[in-house]
**Q** 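Structure provided below as structure tokens; questions to follow.
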Amino acid sequence: MIRYFLGSYLLTIVGVLCAYLLGEHSHPGGGLSSVFIVLVLAVLEISLSFDNAVVNAMKLEKMTEKWRHRFITWGILIAVFGMRFLFPVLVVSIFAKLDMVSVTKMALYNADQYANYLKATHAPIVTFGGLFLIMLFLNYFFNHKKEVHWIKFIEAPLAHFDHITGIEVIISLFVIMGLQTVIPAEEKLAVILAGISGIITFMVIDGVSHYLERHEEMRNAQCVAQGAKCAGFISFMYLELIDASFSLDGVLGAFALSNDVVIITIGLAIGAMFVRSLTIMLVEKKTLDSFLYLEHGAHWAIGALAVLMLVSTVKEVPEVVTGLIGLFFIVAALISSIIHNRKKAN
């Protein structure tokens, strides 16, 4: 375990120290609060990305050593500095209608002003993220081919909803219609556009991912016929796209916990590093099936986070509730998985 997670532990120590110093620098006495937020964000990222680690492990097993190394090195740089830092800045830039250079300087050197802009654009930002997460949640559970169910009396009936074409989009649009009835008039247009953008973003990412996956399956079949292990660039691009889609929910969910983009980056970077370490362990230990319900727990956490983000457009949600609800679902799913394994062994 130490060998797999040594880099993650070191990054955690450095990240916690930086978060404490930044918290004390911004608000005297706020160091411990910043550390708590960083740790919660790291746990949130890990919990929401566990299934991502499983997908990564399955793909990495088919990749050459060269591309596997590139995924671990190049990929972590893209994941941390691309999605965990640049993306939040881009989101604020779009909704605040400012250039990215100004927003970056503001986030780094004027956290209070950045927080004011972020607060002014809070409703459309969390609506975008909330609708993206709802699509992700519904897309996972509306699948009649899914045979394993954790909360059976809920998940089993939901699995058959995918027979209704476009049901995820229909439900999400109804959510937007309901949300706009409680949003102040001056924010309605921005919220509606943000919600629709969240739906479109998910559909584009999901559609391109499926296309790349089908292309990769055809290529792998040719490689197997030739007796070669040739999964490379296509697999790398597919994994980076999947990483982006999974990190998107963590990044957007992080806005419900903190307005400080640096603190968000530190917390999510720690989580991302642990996910990469976990991926490597899963590949080498071949333990993908050890905990059956963790993926289910992660997606229930996604659904709960989506609801809380949408509620926060009209009513403030305590940070502790937002941060710990995901942990609750993951721990519950982990316990259920352990009990299942013991019953199966007996």
**Q** Could you pull out the closest heavy-atom pair between Leu41 and Ile263, with the gap in Å?
**A**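 That would be CD1-O, 3.9 Å.
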**Q** Are Phe153 and Leu138 connected, step by step, through hydrophobic side chains (Ile, Leu, Val, Met, Phe, Trp, Tyr) whose heavy atoms are closer than 4.5 Å?
**A**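 Yes, Phe153 and Leu138 fall within the same hydrophobic cluster.
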**Q** Side-chain heavy atoms under 4.5 angstrom apart, residues restricted to Ile, Leu, Val, Met, Phe, Trp, Tyr: same cluster for Ile266 and Leu39?
**A**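 No, separate clusters.
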**Q** For Glu155, what residues pass the side chain to side chain donor-acceptor pair (under 3.5 Å) criterion, not counting sequence neighbours?
**A**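 For Glu155 the side chain to side chain donor-acceptor pair (under 3.5 Å) partners, ignoring immediate neighbours, are Trp300.
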**Q** For the CG atom of Asn341 and the CG atom of Leu292, what is their distance to the nearest 0.5 Å?
**A**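 Reported to 0.5 Å precision, the distance equals 7.5 Å.
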**Q** How many angstroms lie between CD in Glu168 and CG in Asp162, if you round to the nearest 0.5 Å?
**A**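 So the CD of Glu168 and the CG of Asp162 are separated by 7.5 Å.
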**Q** In Å, rounded to the nearest 0.5 Å, how long is the span from OG1 of Thr12 to CG of Leu17?
**A**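 So the OG1 of Thr12 and the CG of Leu17 are separated by 10.5 Å.
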**Q** Hey, does Ile134 have a side-chain heavy atom less than 4.5 Å from the side chain of Phe202?
**A**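 Not in contact.
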**Q** Evaluate the side chain to side chain contact (heavy atoms under 4.5 Å, CB included) criterion for residues Ser34 and Leu22: first the C-alpha distance (whole Å), next the side-chain angles of each, then the deciding distance (0.1 Å), finally the verdict.
**A** CA-CA 8 Å; Ser34 295; Leu22 286 170; 5.9 Å; no
**Q** Report the distance from atom CD1 of Ile270 to atom OH of Tyr9, rounding to the nearest 0.5 Å.
**A**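 One gets 13.0 Å once the value is rounded to the nearest 0.5 Å.
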**Q** Identify the two heavy atoms, one from Ala19 and one from Val38, that lie closest to each other, and give their separation to 0.1 Å.
**A**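 Looks like CB-CG2, 3.5 Å.
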**Q** Looking at Met100, I'd like to know if its CE atom is crowded, meaning that more than 12 non-hydrogen atoms belonging to other residues, nucleotides or ligands lie closer than 6.0 Å.
**A**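 More than 12 heavy atoms, drawn from other residues, nucleotides or ligands, come within 6.0 Å of this atom.
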**Q** Let me check something: do Val311 and Phe329 share a hydrophobic cluster, defined by ILVMFWY side-chain heavy atoms less than 4.5 Å apart, either directly or through other members?
**A**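 Same hydrophobic cluster.
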**Q** Considering residues, nucleotides and ligands other than Glu186, do more than 12 of their heavy atoms fall under 6.0 Å from its CD?
**A**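 Yes.
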**Q** May I ask you to decide if the ring planes of Tyr293 and Trp150 are parallel, tilted or perpendicular, using 30° and 60° as cut-offs?
**A**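 Parallel: the ring planes of Tyr293 and Trp150 meet at under 30°.
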**Q** Rounded to the nearest 0.5 Å, how far does CG of Leu305 lie from CZ of Phe137?
**A**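 CG of Leu305 is found 12.0 Å from CZ of Phe137.
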**Q** Which heavy atom of Phe142 sits nearest a heavy atom of Ile171, and at what distance?
**A**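 Minimum heavy-atom separation between Phe142 and Ile171: CE1-CD1, 3.6 Å.
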**Q** Taking all heavy atoms of Ser8 and all of Ser277, pick out the closest pair and write down the distance.
**A**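 Heavy-atom minimum between the residues: OG-OG, 2.6 Å.
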**Q** Just do the side chain to side chain contact (heavy atoms under 4.5 Å, CB included) check on Ile183 and Thr313 with the steps written out, would you?
**A** CA-CA 8 Å; Ile183 294 294; Thr313 60; 3.7 Å; yes
**Q** Once side-chain contact (heavy atoms from CB on, under 4.5 Å) is applied, do any residues pair with Ile199, and if so which ones, sequence neighbours excluded?
**A**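 In terms of side-chain contact (heavy atoms from CB on, under 4.5 Å), with neighbours along the sequence ignored, Ile199 is linked to Leu131, Met135, Val169, Ser172, Leu173, Ile176, Met203.
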**Q** List the atom of Val191, the atom of Pro124, and the distance in Å for their closest heavy-atom pair.
**A**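 Nearest pair, atom of Val191 first, then Pro124: CG2-N, 4.2 Å.
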**Q** In terms of hydrophobic clustering (I, L, V, M, F, W, Y; side-chain heavy atoms under 4.5 Å; direct or indirect links), are Ile154 and Val148 co-clustered?
**A**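 Yes, Ile154 and Val148 fall within the same hydrophobic cluster.
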**Q** Can you give me the closest heavy-atom contact between Ala306 and Leu133, atom names plus distance?
**A**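 So the two residues come closest at CB-CB, 3.6 Å.
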**Q** What distance do Tyr4 atom OH and Leu278 atom CG have between them, rounded to the nearest 0.5 Å?
**A**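 The OH atom of Tyr4 sits 11.0 Å away from the CG atom of Leu278.
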**Q** Quick one: does Gln180's side chain have a donor or acceptor within less than 3.5 Å of a partner on Lys188's backbone?
**A**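 Side chain of Gln180 to backbone of Lys188, a donor-acceptor pair under 3.5 Å: no, none is there.
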**Q** Are Val262 and Val35 co-members of a hydrophobic cluster defined by side-chain heavy atoms under 4.5 Å apart?
**A**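 Looking at the clustering, Val262 is in a separate group from Val35.
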**Q** Is there side-chain contact between His296 and Tyr140, with at least one heavy-atom pair below 4.5 Å?
**A**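 SC-SC contact between His296 and Tyr140 confirmed.
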